[in-house]
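These notes concern the structure reproduced below.
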Amino acid sequence: MRDSAGSTVRWSTGGAGLSGKHLRAYRRVEAGYETPSDTYFKLDHVLGPVLLARATESVRTTIPVRMQQGELVACELFSEPDAGSDMFSARTRATRVDGGWKLNGQKVWTSDAHLADIGVVFTRTSNEPGRRAFTAFVLDMHQEGVEVVPLRQMTGGAAFNEVYLDDAFVPDEYLLGEVGQGWDVVSEILARERAGIGSGLSRSGSGLANGSRLIALVREMGKQDDPLVRQQLVKTMTGFWATRQLTSNGSDKGGAKAYRSDPTPLASKLALSFNLRRAANLATQVLGPKLAADNGEWGTFSWNSLVLGEPGVHIFAGTDEIVRNSLAEKVLGQPRDGRRG
């Protein structure tokens with residue numbers, strides 16, 4: 001990829017041309033300071049490398065740069081009403097037409113689709129069994145034939161959406177990879193997303209990961225001398241610390257030869273689920289009834305959104321159960337359910 005001046009740039013380091021090791025070293029230093037986030041919902045760093053590797057030249061040289069610069073917001077159109085974690089059941093269909101494809105179907109639980117300019121969409125292009133029946137595209141979210149309907153959550157917000165596709169046109173140049181490679185594209189995106197979710201929250205987590213907000217809450221509620229609360233606080237902070245070491249240093253080197261693939265992305269996502277559950281349980285334990293009603297007291301009702309939103313973490317980017325199965329099968333080499341040997 002080249003910048004506007006024609007110089008070669010690397011995605012992972014924001015154009016400096018350095019290695020991933022340099023980026024990780026910088027992130028470790030940056031973690032000690034209060035700095036603004038350089039991503040929007042992390043999808044520029046999740047989708048950018050995939051677009052650079054698999055998109056056509058016209059897409060590869062334009063969209064990733066605009067995403068990183070904040071000019072474009074992206075979303076992922078994967079799950080469907082009858083195909084959440086079971087993406088092989090996806091029914092959204094792409095039909096070849098002159099100059100491109102027409103997309104018809106419904107996606108659901110699409111984060112930030114109401115804000116997105118583009119989306120990566122997973123579609124069925126064949127009736128044959130197996131992963132080669134699916135193809136991925138880049139979709140213009142503002143075009144005719146794309147309807148976004150926000151879904152109200154129990155937190156009161158509406159970050160998730162239903163997306164209806166009615167003869168939405170995708171030109172051939174917006175194909176990702178080859179026809180029949182949609183499963184490979186989405187698998188790579190999900191692996192990057194899981195790693196990004198775990199590492200992103202473990203770095204700061206709005207004061208959760210470093211414990212600052214949790215400590216302030218415990219002190220404000222006068223529970224700092226409660227031995228059970230202190231024990232849960234330490235467990236929660238230790239969990240975030242351990243995840244930070246995992247995402248900063250990668251999988252353990254001693255066991256690497258025994259692994260079939262790098263466990264870091266899967267382990268990071270699972271660790272996030274555990275850590276946020278501990279944090280939500282701690283907030284509930286400390287606040288009690290003060291969590292449920294906004295009486296104006298500092299640091300009380302504001303935790304309601306975390307507690308109500310935490311169950312969703314166990315679903316997105318693959319349910320906890322799917323992640324555990326993937327760790328067993330893909331990393332440890334265990335047989336799939338119903339098979340021997």
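Computation of the quantities below employed the complete heavy-atom set of this structure, encompassing side-chain atoms and omitting hydrogens, waters and symmetry-equivalent molecules.
In this structure, Gln106 contributes its side chain and Pro81 its backbone to no donor-acceptor pair below 3.5 Å. Under the 3.5 Å distance criterion, the side-chain polar atoms of Lys107 are matched with a main-chain donor or acceptor of Phe78. No donor-acceptor pair under 3.5 Å is formed between the side chain of Asn161 and the backbone N or O of Val163. Looking at Thr92, its side chain never comes within 3.5 Å of a backbone N or O of Gly105 through a donor-acceptor pair. Distance alone, capped at 3.5 Å, places no donor-acceptor pair between the Thr300 side chain and the Gly296 backbone. The closest donor-acceptor contact from the side chain of Lys269 to the backbone of Val313 lies under 3.5 Å. Checking side-chain atoms of Asn304 against main-chain N and O of Ala292 turns up no donor-acceptor pair under 3.5 Å. Using modelled atom types, no side-chain atom of Ser111 and backbone atom of Phe160 make a donor-acceptor pair closer than 3.5 Å. Within the 3.5 Å criterion, the main-chain N or O of Asp167 finds a donor-acceptor partner in the side chain of Asn104.
Met67 and Ala74 make their closest contact through CE-CB, 4.1 Å (heavy atoms, listed as atom of the first residue, atom of the second, distance). Closest approach of Ala136 and Leu175 over heavy atoms only: O-CD1, 3.7 Å. For the pair Ala90 and Arg124, the tightest heavy-atom approach, listed with the atom from each and the gap, is O-NE, 3.1 Å.
Scored by the side-chain hydrogen bond (donor to acceptor under 3.5 Å, both in side chains) test, Asp226 finds no partners at all (sequence neighbours excluded). Considering only residues two or more places apart in sequence or on other chains, Glu188 meets the salt bridge (Lys or Arg N to Asp or Glu O under 4.0 Å) condition with Arg54, Arg192.
No continuous path of hydrophobic side-chain contacts links Trp241 to Leu270 [ILVMFWY only; heavy atoms under 4.5 Å]. Note on Leu103 and Val59: same hydrophobic cluster, where clusters join Ile, Leu, Val, Met, Phe, Trp and Tyr whose side-chain heavy atoms are under 4.5 Å apart, directly or indirectly. Hydrophobic cluster membership is shared by Val50 and Phe137, with clusters built from Ile, Leu, Val, Met, Phe, Trp and Tyr side chains linked at under 4.5 angstrom. Phe134 and Val108 fall into different hydrophobic clusters, where Ile, Leu, Val, Met, Phe, Trp and Tyr are joined by side-chain heavy atoms under 4.5 Å apart, directly or via other members. Linking ILVMFWY side-chain heavy atoms closer than 4.5 Å, directly or via other members, places Leu115 and Leu151 in two distinct hydrophobic clusters.
Atom CD1 of Ile322 is separated from atom CG of Leu327 by 11.5 Å, given to the nearest 0.5 angstrom. For the atom pair Ser187 OG and Gln181 CD, the distance stands at 11.5 Å (nearest 0.5 Å). One distance of note links OG of Ser126 with CZ of Arg93; it measures 7.5 Å at 0.5 Å rounding. With rounding to the nearest 0.5 angstrom, the CG atom of Asp320 is 11.0 Å from the CG atom of Asn325. Remark: Arg277 CZ to Leu282 CG distance equals 14.5 Å, nearest 0.5 Å. Annotation: the span from Leu287 atom CG to Ser302 atom OG amounts to 8.0 Å, rounded to 0.5 Å.
With side-chain heavy atoms closer than 4.5 Å counting as contact, directly or through intermediates, Leu228 stands alone and belongs to no larger hydrophobic cluster. Other residues sharing a hydrophobic cluster with Phe301 under the 4.5 Å side-chain heavy-atom criterion for ILVMFWY residues do not exist; the residue is a singleton. Residue Phe169 is found in a hydrophobic cluster whose other members, listed by chain and number, are Val97; membership requires side-chain heavy atoms under 4.5 Å apart, directly or through intermediates.
The shortest distance between side-chain heavy atoms of Gln285 and Met221 does not fall below 4.5 Å. Side-chain contact check for Leu77 versus Met141: some heavy-atom pair is nearer than 4.5 Å. Looking only at side-chain heavy atoms (C-beta outward), Arg132 and Asp184 come within less than 4.5 Å of each other. For the pair Leu51/Leu176, a side-chain contact is recorded, criterion being any heavy-atom separation below 4.5 Å from C-beta on. Using a 4.5 Å heavy-atom threshold, the side chains of Leu276 and Leu306 count as touching. At least one side-chain heavy atom of Arg213 sits under 4.5 Å from a side-chain heavy atom of Trp303. Considering only heavy atoms from C-beta on, Val121 comes within 4.5 Å of Leu165 through its side chain.
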### Task
Quick one: do Glu76 and Val186 satisfy side chain to side chain contact (heavy atoms under 4.5 Å, CB included)? Show the steps, please.
CA-CA 9 Å; Glu76 299 167 347; Val186 170; over 6 Å; no

### Query
Yes or no on side chain to side chain contact (heavy atoms under 4.5 Å, CB included) for Thr135 and Val185, after CA distance, side-chain angles and deciding distance?
CA-CA 8 Å; Thr135 304; Val185 172; over 6 Å; no

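Between the side chains of Trp101 and Asp172, at least one donor N or O sits under 3.5 Å from an acceptor N or O.
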Below 3.5 Å, can you tabulate the donor-acceptor pairs from side chains in residues 229-237 to any protein atom, sequence neighbours excluded?
{"unit_1": "Arg230", "atom_1": "NH1", "unit_2": "Gln224", "atom_2": "O", "d": "2.8"}
{"unit_1": "Thr236", "atom_1": "OG1", "unit_2": "Gln232", "atom_2": "O", "d": "2.8"}

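Just one residue in the list Val73, Ile63, Leu139, Asp140 forms a side-chain contact (heavy atoms from CB on, under 4.5 Å) with Ile118, and that residue is Ile63.
Heavy atoms from other residues, nucleotides or ligands lying under 6.0 Å from NZ of Lys223 number more than 12.
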